[in-house]
Participant: 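Sharing a structure below in structure tokens format, with a few things to ask.
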Amino acid sequence: MSHKAVEKLFYHLDNRREAAAFSIEDRSATFGEIDEAGRRYAAGLRALGVQKGDRVVSILESSLTLVEVLVGHHRTGVIHVPVNTRYRRKEIGHIIADAEPSVVVVGAEMEARSIVGELELPESVRAVIVVGDTSEASRSANEVRIEEFVEDEPLRELPELNDKAPALFIYTSGTTGPSKGVVHTFNSLVSGIDRLTDHWRWTTDDTLVLALPLFHVHGLCIGVHGTLIRGNQTEIHERFDAEEVARAVGAGGTIFMGVPTMHTRLVEVMENDASLADAMSKARLITSGSAALRPDIFERYEELTGHRILERYGMSETMLTISNAYDTERRRGSVGRAVPGTEIRIVDEEGQEVGPGEVGGVQVRGPSVMEGYWRLPKKTAEAFTSDGFFRTGDVARRDDEGFIYIAGRRSVDIIKSGGFKISAREIEEVLRQCEEVRDVGVVGIPDEEWGQRIACAVVPRPGVEKSSEEWLVVLHAVAKDELADYKLPREVGVYTDGLPRNALGKVQKHRIIEDLSER
Ligand code: MLC
Ligand code: AMP
């Protein structure tokens, strides 16, 4: 039984207990304090009968409590299932039904709390733990305040944990069907993040300015798990604000990681205020990922701050597998080369590796790749080649020296907006519920700020006449309680004669993208 990954994850919690770890606004905690709070929460789970391998769904805004809950789960081998705080009824309902958690942890003032309250919860759910202010009168029967849930005595006797045990599920969208739970073991989680952060020369001397949301690989795994593994300090920002981030970097932050939308906004504020550019220039490392960085932003950043942003590529299923190194050349537009320990190949339709300059599908093999999709053996098998490479669905090319350039995705039905992954099909399914709609086609159209923004082609039912603006209002009304706000269409095109289709009847989404991009 191997424990190496587990030991690495807990090293600073066990051995550097006095060292400063996480802070948010005027609150801060050492590794020891985080661990004690995590163990008091874990003792509460134990008292409730929650066991190693059980799932706990966590719907929390960025906070120290979120980190403590995470540590409580990892210490006891309970599987942490983070949920995007922007999710609404359809998304939250699916994850809770699919993960069959023992517990749901939710913020007191979040919309998610009332959504959870209205859902028919699976029998597995023993309690809903509420974090934040809530009066007794407003609490439902199965809700308990976290202050009452945690035990006074931190859990001292911890279960033995195996590196191969599942530690984390990340729900992610695919081209078809509802979102799938990506199962990461302690080993895939820790090896992926350890190698990447080591590649970036991340040490205990660093201070990370963390303004990413803490429920996806980028913010949670690189940000929070990276901090646990490397033992640095992390300043959590509850939400991203470009000026505040720049000031935090100027005040001693050494690392900032962002999605491209954040870097675009940072350029905007730096253009207007030279002191903010000066502040950002003090960073040791600035990285970008989760979506393609605009070349002009890369260049303008360098002019303003002297920094060539370090780009890297990853995915919920694989963690971070391609990255520029800290000490070597960074090429504009390239995500770098395989992270040490990872194999990357770029293949044609037949699975044969293509030569430099040629575009092909990206496949990944290595210790950070997921165990599989939760309870979906068929989908898991389809995702891997016979020799164990994961098919990412992204396309890319390599240059003569092995630098990789991501060219996009194979499927138009997977959209990235603001760094969030979105399934076109999921939105279509919801919009089709509108009685006035005969058909819909959802696409992502290029957008300078968001990378892509959601647009929708609508075929009205006979007799329904509306302008694009009126359709926007109608479609928002249908979808706003079901889906996260960033999935709502921003543009609508009306296609009275039906969606454009090819001779085989397949919707030609590229034509819709062209039409709607021109508006
Ligand atoms: C919000 N708005 C959008 C939008 N999102 N408009 C178009 N497209 C979108 N995607 C609108 C809102 O309706 C609102 O409009 C206004 O913009 C401000 O909204 P907001 O929600 O307050 O925006 P903000 O909080 O500033 O969010 C921007 C952001 C956020 C960049 C901070 O998108 C974000 O946190 N992205 C990070 C996603 C992430 O972590 N991805 C990593 C996945 S892991 P109005 O009209 O009301 O003002 C992964 C693997 C890897 O991908 O490799 O990392
Ligand atoms: P997610 O499933 O949310 O983890 O998103 C993973 C997807 O984000 C990948 O499959 C890519 O399409 C995209 N992605 C991540 N990093 C980059 C990057 N640096 N450049 C372009 N696309 C990226």
Side-chain angles (χ1 to χ4, degrees), residues 61-62 82 84-86 170-175 179-180 182 184 192-193 196 210-223 226 237-242 244-245 257-266 268 287-295 298 309-324 333-336 339 361-364 368 370 383 390-396 404-411 414-423 444-455 472 476 480 483-491:
E61 302 288 0
S62 296
N84 187 325
T85 53
R86 297 175 186 221
I170 303 259
Y171 274 82
T172 190
S173 304
T175 42
S179 65
K180 307 182 284 276
V182 171
H184 277 289
I193 302 306
L196 178 84
L210 183 57
L212 286 154
L214 305 184
F215 37 72
H216 287 315
V217 160
H218 201 166
L220 180 70
C221 301
I222 320 182
H237 288 231
E238 203 179 325
R239 49 186 28 84
F240 173 78
D241 176 281
E244 280 172 22
V245 160
M257 311 187 296
V259 296
T261 305
M262 294 178 175
H263 292 303
T264 304
R265 290 193 187 166
L266 275 159
E268 259 167 44
T287 73
S288 178
S290 307
L293 183 68
R294 274 166 46 195
F298 178 88
I309 297 176
L310 183 153
E311 277 195 82
R312 94 299 174 285
Y313 160 90
M315 201 175 178
S316 303
E317 285 91 334
T318 64
M319 296 285 156
L320 289 305
T321 52
I322 310 178
S323 176
N324 283 284
S334 171
V335 289
V339 169
V362 180
Q363 298 187 346
V364 180
S368 69
M370 66 168 182
F390 176 77
R391 300 184 174 95
T392 63
D394 290 303
V395 288
I404 296 168
Y405 297 76
I406 305 294
R409 287 195 66 84
R410 269 204 201 293
S411 168
I414 294 291
I415 301 165
K416 269 265 161 151
S417 188
F420 287 120
K421 192 183 209 181
I422 300 168
S423 154
I445 57 176
D447 185 278
E448 291 216 329
E449 181 178 8
W450 301 101
Q452 286 176 294
R453 74 177 184 281
I454 303 296
L472 263 185
H476 279 209
K480 75 177 177 20
L483 298 173
D485 61 349
Y486 60 81
K487 297 183 185 176
L488 304 181
R490 311 281 153 174
E491 313 284 336

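Remember, it's 1-based here, ligands and their atoms both numbered in the order they're listed. Just so it is clear, the values below take in all heavy atoms, side chains as well, and ignore hydrogens, waters and symmetry mates.
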Participant: Can you check atom 7 (C) of ligand 1: any protein non-hydrogen atom closer than 4.0 Å?
Facilitator: yes
Participant: Tell me the protein heavy atom at minimum distance from atom 19 (N) of ligand 2, and give that distance in Å.
Facilitator: R312 O, 2.7 Å
Participant: Against heavy atoms of G314, which atoms of ligand 1 measure under 4.0 Å?
Facilitator: 53 (O)
Participant: What protein heavy atom lies closest to atom 26 (O) of ligand 1? Include the residue and the distance to one decimal.
Facilitator: R265 NH1, 2.6 Å
Participant: Is there a protein heavy atom less than 4.0 Å away from atom 15 (O) of ligand 1?
Facilitator: no
Participant: Relative to atom 20 (N) of ligand 2, which among G174, G393, A291, S179 owns the nearest non-hydrogen atom?
Facilitator: A291
Participant: Any idea which protein heavy atom is nearest atom 42 (C) of ligand 1, and the distance to it?
Facilitator: S290 OG, 3.4 Å
Participant: R453 to ligand 1: N or O pair under 3.5 Å?
Facilitator: no
Participant: Need the ligand 1 atom indices (1-based, order shown) with element for anything under 4.0 Å from a heavy-atom of H216.
Facilitator: 43 (C), 44 (S)
Participant: With a 4.5 Å cut-off on side-chain heavy atoms, are H216 and K421 touching?
Facilitator: no
Participant: Of the listed options (G289, S323, G314, G336), which comes nearest to atom 15 (C) of ligand 2 when hydrogens are ignored and any heavy atom counts?
Facilitator: G314
Participant: Considering only protein heavy atoms, which is closest to atom 25 (O) of ligand 1, and at what distance to one decimal place?
Facilitator: R86 NH2, 3.0 Å
Participant: Which residue and atom name correspond to the protein heavy atom nearest atom 3 (O) of ligand 2, and how close is it?
Facilitator: K416 NZ, 3.3 Å
Participant: Quick check: are there more than 12 heavy atoms from other residues, nucleotides or ligands sitting under 6.0 Å from CD of E448?
Facilitator: no
Participant: Do the non-hydrogen side-chain atoms of I445 and E491 ever get within less than 4.5 Å of each other?
Facilitator: yes
Participant: Apply side chain to side chain contact (heavy atoms under 4.5 Å, CB included) to R265 and list each qualifying residue two or more places apart in sequence or on a separate chain.
Facilitator: F240, A242, T261, E449, W450
Participant: If you measure every N/O of V259 against every N/O of ligand 1, is any gap under 3.5 Å?
Facilitator: no
Participant: What about R409: any of its N or O atoms under 3.5 Å from an N or O on ligand 2?
Facilitator: yes
Participant: Give the atom numbers and elements of ligand 1 that come within less than 4.0 Å of a heavy atom of Y486.
Facilitator: 5 (N), 10 (N)
Participant: Tell me: protein heavy atom nearest atom 52 (O) of ligand 1, and distance?
Facilitator: K416 NZ, 2.6 Å
Participant: How far apart are the C-alpha atoms of K416 and R409, what are their side-chain angles, what is the distance that settles it, and do they pass the side chain to side chain contact (heavy atoms under 4.5 Å, CB included) test?
Facilitator: CA-CA 10 Å; K416 269 265 161 151; R409 287 195 66 84; 5.7 Å; no
Participant: Identify the protein heavy atom lying closest to atom 34 (C) of ligand 1, giving its residue, its atom name and the separation to 0.1 Å.
Facilitator: F420 CE1, 3.7 Å
Participant: In the protein, what heavy atom is nearest to atom 9 (C) of ligand 2, and what distance, to one decimal place, separates them?
Facilitator: D394 OD2, 3.3 Å
Participant: Determine if the distance from atom 45 (P) of ligand 1 to the closest protein heavy atom is below 4.0 Å.
Facilitator: no
Participant: For atom 41 (N) of ligand 1, what is the nearest protein heavy atom, given as residue, atom name and distance?
Facilitator: G419 O, 2.9 Å
Participant: Hey, which atoms in ligand 2 end up nearer than 4.0 Å to a heavy atom of K421?
Facilitator: 1 (P), 2 (O), 3 (O)
Participant: Is there a nitrogen or oxygen of M262 sitting under 3.5 Å from a nitrogen or oxygen of ligand 1?
Facilitator: no
Participant: Among residues at least two apart in sequence or on other chains, which ones pass ring-ring contact (aromatic ring centres under 6.0 Å, His included) with Y486?
Facilitator: F420
Participant: Which atoms of ligand 2 have any heavy atom of T172 under 4.0 Å away?
Facilitator: 2 (O)
Participant: What do you reckon, does Y313 have a nitrogen or oxygen under 3.5 Å from a nitrogen or oxygen of ligand 1?
Facilitator: no
Participant: Ligand 1 and R490, any nitrogen or oxygen pair closer than 3.5 angstrom?
Facilitator: yes
Participant: If you define the side chain from C-beta out and look only at heavy atoms, does anything of I222 sit under 4.5 Å from R312?
Facilitator: yes
Participant: Among all protein heavy atoms, pick out the one at the shortest distance from atom 35 (O) of ligand 1; state its residue, atom name and that distance to 0.1 Å.
Facilitator: P213 CD, 3.5 Å
Participant: Please check atom 21 (O) of ligand 1 for a protein heavy-atom neighbour under 4.0 Å.
Facilitator: yes
Participant: Give the atom numbers and elements of ligand 2 that come within less than 4.0 Å of a heavy atom of M315.
Facilitator: 4 (O), 6 (C), 10 (O)
Participant: To which protein heavy atom is atom 19 (O) of ligand 1 closest, and what is the distance rounded to 0.1 Å?
Facilitator: W450 CH2, 4.7 Å
Participant: Say whether R312 and ligand 1 are in contact under the criterion: heavy-atom distance to a ligand atom below 4.0 Å.
Facilitator: yes
Participant: Which ligand 2 atoms, with their elements, are less than 4.0 angstrom from a heavy-atom of V335?
Facilitator: 19 (N)
Participant: Would you confirm whether any non-hydrogen atom of the protein falls under 4.0 Å from atom 48 (O) of ligand 1?
Facilitator: no
Participant: Using a plain distance cutoff, I'd like to know if S316 has any nitrogen or oxygen under 3.5 Å from a nitrogen or oxygen of ligand 2.
Facilitator: yes
Participant: So is there a nitrogen or oxygen of S290 less than 3.5 Å from a nitrogen or oxygen in ligand 2?
Facilitator: yes
Participant: Assess G219 for proximity to ligand 1: is some non-hydrogen atom of it under 4.0 Å away?
Facilitator: no
Participant: Quickly, which of N324, L320, V339, D394 forms a side chain to side chain contact (heavy atoms under 4.5 Å, CB included) with Y313? Name it, please.
Facilitator: D394
Participant: Using protein heavy atoms only, decide if any is under 4.0 Å from atom 37 (C) of ligand 1.
Facilitator: yes
Participant: So, regarding S316 and ligand 1 (criterion: nitrogen or oxygen to nitrogen or oxygen, under 3.5 Å), is there a contact or not?
Facilitator: no
